[in-house]
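Worksheet: the structure to be examined is printed underneath.
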Number of protein chains: 2
Amino acid sequence: MVRKTNTKERILDFIRVFRRDKGYSPSVREVASHCGIKSPSVVQYHLEQLLEAGLITKDKVRSRSIGLVGDEEGPAQVPLLGVIAAGQPIDIPSVDSQKAGHRMIDVPRDIMRNGRKLFALQVRGNSMVDAMIADADILIMEQADSVNNGDVAACWLENEQEVTLKKIYYEKGQKIRLQPCNPYMLPLFHDAANIRIQGKVVAVLRTKM
Amino acid sequence: MVRKTNTKERILDFIRVFRRDKGYSPSVREVASHCGIKSPSVVQYHLEQLLEAGLITKDKVRSRSIGLVGDEEGPAQVPLLGVIAAGQPIDIPSVDSQKAGHRMIDVPRDIMRNGRKLFALQVRGNSMVDAMIADADILIMEQADSVNNGDVAACWLENEQEVTLKKIYYEKGQKIRLQPCNPYMLPLFHDAANIRIQGKVVAVLRTKM
DNA sequence: GCCAAAGTAGAACAGATGTTCTAATATTGC
DNA sequence: GCAATATTAGAACATCTGTTCTACTTTGGC
């Protein structure tokens, strides 16, 4: 099966962007069509379970009556947990503690998908120009110990004692290919043992120009 | 006839409470029923006029697609007006026309300050790596013919026939210094006459990693 | 491999829904 | 009162839409 992401997640995501975009909910068949599903009954099948799980609301028989729970309102913000620089590992004090006076960073709504644990780090220095990331940029990251091939991740390199931001590809023989985001630069190869994934980069914001 | 309030007002009021209550819009016949109207065509008749007057939005044929304008505290979004690439000038079709089916881009709330006319352009190609901007990045821009020293602007270079993104510094003698955002790169100098400012870059978003 | 469970596809149906057309009725300006 | 305009009704239609049912395929545990 090629499908990587969960069908229910894709459905939720589609409903979210559709609603945000159009102001009303998609029909069952529109969901099917945009999520690569061939039959409305399949959508119905998943909607019933999402309803049971309390993730959506929905009136019987009413068209376009799907609602998302706990979605709207409340500004889209993530806590700024610290600084990321080349020479020091990321110290994440526990993402949940947003109570502690962390500055909150405004982010685009559409990256706040179903309860992902997101946080922000501010880049210090110019060590990541090879990842097209400038001094003072804000990285929006998701907590993760491991990532999928092609994801951009923040990695701590044990031997080098430094943080780097690269696309991750798992290769044969416990090797990991670190591919710079800048397409003009060449990849590095490391032993998996040398690399500690510290989080997955979801977005980059540059608002101070 | 006993009807005291205007029919259009009653329709608008009903749509408003219905949406607030249910989270989606009523159907034409539901409007009719709750507003004491006997025929869906009458509702259609009034909806057309409300649409013309710009008081509601509505997609043709889509059920329950009525939206109220200026109501619910729209999410922070700006219209994606087009593409920006090295070899072609930016063609901005008029920032106001957000009605035309432009895709709307979610942006951080805090960049939407005091009614600035913002729009978004998607970067195509890798011609702006020197500005730390990657392919597919989203530029959030503000309409502007001129900028202040140090602002990052999109400039059209007449002689070279290309778009570039640089920090702008006005120097003596009608010269303009174009300073790359990448601190490792050297500035260019141009005659002011060769440069047409096309907009000021407010932010850069990179959400597809 | 085997089996149960989960997921997908397709068809079919009843009712909902937006739309259009024509005709009737009410309102307004003169 | 009269005519022009605005509004309302009703019917009819094509399509959209939610729902249900059955059958088929994939997945995961053993």
Side-chain angles (χ1 to χ4, degrees), chain A residues 1-19 21-69 114 148, chain B residues 1-19 21-69 99 101:
Chain A
M1 176 68 73
V2 199
R3 197 145 306 140
K4 29 192 67 165
T5 51
N6 188 8
T7 305
K8 290 184 182 55
E9 270 182 45
R10 278 183 300 134
I11 290 178
L12 280 176
D13 285 345
F14 172 67
I15 294 174
R16 184 168 298 111
V17 311
F18 190 103
R19 278 189 65 94
D21 204 47
K22 310 257 191 179
Y24 53 90
S25 289
S27 71
V28 172
R29 282 172 181 79
E30 284 168 342
V31 173
S33 153
H34 285 79
C35 292
I37 296 170
K38 301 279 180 56
S39 170
S41 66
V42 174
V43 177
Q44 198 85 324
Y45 171 76
H46 290 291
L47 288 183
E48 274 173 19
Q49 300 187 7
L50 289 169
L51 189 57
E52 192 113 12
L55 294 173
I56 62 171
T57 60
K58 184 175 170 307
D59 287 5
K60 290 200 79 67
V61 187
R62 287 292 210 3
S63 67
R64 300 179 187 276
S65 64
I66 303 170
L68 299 173
V69 310
N114 41 325
N148 297 322
Chain B
M1 182 66 73
V2 202
R3 198 145 308 138
K4 29 190 72 162
T5 51
N6 187 8
T7 307
K8 291 183 181 57
E9 271 182 45
R10 277 183 302 134
I11 291 178
L12 279 177
D13 285 345
F14 172 66
I15 293 173
R16 185 169 297 114
V17 309
F18 191 103
R19 280 188 65 93
D21 203 45
K22 310 258 190 180
Y24 54 89
S25 290
S27 71
V28 173
R29 283 174 180 78
E30 284 167 342
V31 173
S33 151
H34 286 77
C35 292
I37 295 170
K38 302 280 181 57
S39 169
S41 66
V42 174
V43 177
Q44 199 84 323
Y45 170 76
H46 289 291
L47 288 183
E48 273 172 21
Q49 301 188 5
L50 289 169
L51 189 57
E52 192 115 12
L55 294 173
I56 64 171
T57 61
K58 184 172 169 311
D59 286 6
K60 291 201 78 69
V61 185
R62 285 304 209 355
S63 66
R64 299 180 187 276
S65 64
I66 304 170
L68 298 174
V69 311
K99 37 198 172 247

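Atom set for the values below is all heavy atoms of this structure, side chains included, hydrogens, waters and symmetry mates excluded. Lettering follows sequence order; numbering is per chain, from 1.
Annotation: side chain of A:L68 is in contact with side chain of A:I15 (closest heavy-atom distance under 4.5 Å). Annotation: side chain of A:C35 is not in contact with side chain of A:T7 (no heavy-atom distance under 4.5 Å). The side-chain heavy atoms of A:L47 and A:I11, taken from C-beta on, include a pair separated by under 4.5 Å. Counting heavy atoms from C-beta outward, A:I66 and A:L50 have side chains that stay 4.5 Å or more apart. The shortest distance between side-chain heavy atoms of B:F14 and B:R19 does not fall below 4.5 Å.
One finds a salt bridge joining A:R62 and B:E30 here, because a Lys/Arg side-chain nitrogen approaches an Asp/Glu carboxylate oxygen to under 4.0 Å. The pair B:R10-B:D13 fails the salt-bridge criterion, with no side-chain N (NZ, NE, NH1 or NH2) lying under 4.0 Å from an Asp/Glu carboxylate O. Salt-bridge check for A:K58 with A:E48: failed, with every basic side-chain N at 4.0 Å or more from each acidic carboxylate O.
Using a 4.0 Å cutoff on non-hydrogen atoms, the parts of residues 51-58 of chain A near DNA chain D are A:K58, ordered by number. Non-hydrogen atoms lying under 4.0 Å from DNA chain D are contributed by A:P40, A:S41, A:Q44, all within residues 40-48 of chain A.
Straight-line distance from the NZ atom of B:K38 to the P atom of C:dT25: 13 Å, rounded to whole Å. Whole-Å rounding puts the A:K8 NZ to D:dT27 P distance at 14 Å. Following rounding to the nearest Å, B:I37 (CD1) and D:dG10 (P) show an atom-to-atom distance of 12 Å. One can place CZ of B:R62 at 10 Å from P of D:dC16, the figure rounded to the nearest angstrom. Counting to the nearest Å, the P atom of C:dG7 and the CG atom of A:L50 are 11 Å from each other. Taking atom OH of residue B:Y24 and atom P of nucleotide C:dA16, one finds them 13 Å apart after rounding to whole Å. Atom C1' of nucleotide C:dG7 and atom CD1 of A:I11 are separated by 11 Å, given to the nearest angstrom. For the pair A:Q49 CD and C:dT8 C1', the computed distance is 12 Å after rounding to whole Å.
Taking five base pairs at each end of the helix from C:dG1-D:dC30 to C:dC30-D:dG1, the local helix axes there meet at an angle of 50°, rounded to 10°.
In this structure, A:T57 and A:L51 approach most closely via the heavy-atom pair CA-CD1, 3.9 Å. Annotation for A:A32 and A:S39: closest pair CB-O, 4.2 Å, computed over non-hydrogen atoms.
Side-chain to base pairing of A:R29 with D:dG18: one donor and one acceptor N or O lie within less than 3.5 Å of each other. Counting distance only, with no hydrogens placed and no angle test, the side-chain atoms of A:S63 and the base atoms of D:dG18 include no donor-acceptor pair under 3.5 Å.
Place A:S39 and A:E30 on DNA chain D by their nearest nucleotides, and A:E30 ends up nearer the 5' end.
Distances shown here put a side-chain N or O of B:S27 below 4.0 Å from the OP1 or OP2 atom of C:dT17.
Using modelled atom types, one side-chain atom of A:S65 and one backbone atom of A:D59 make a donor-acceptor pair closer than 3.5 Å. Judged by distance alone, with hydrogens and angles left aside, the side-chain atoms of A:R64 form a donor-acceptor pair with the main-chain N or O of A:S25 at under 3.5 Å.
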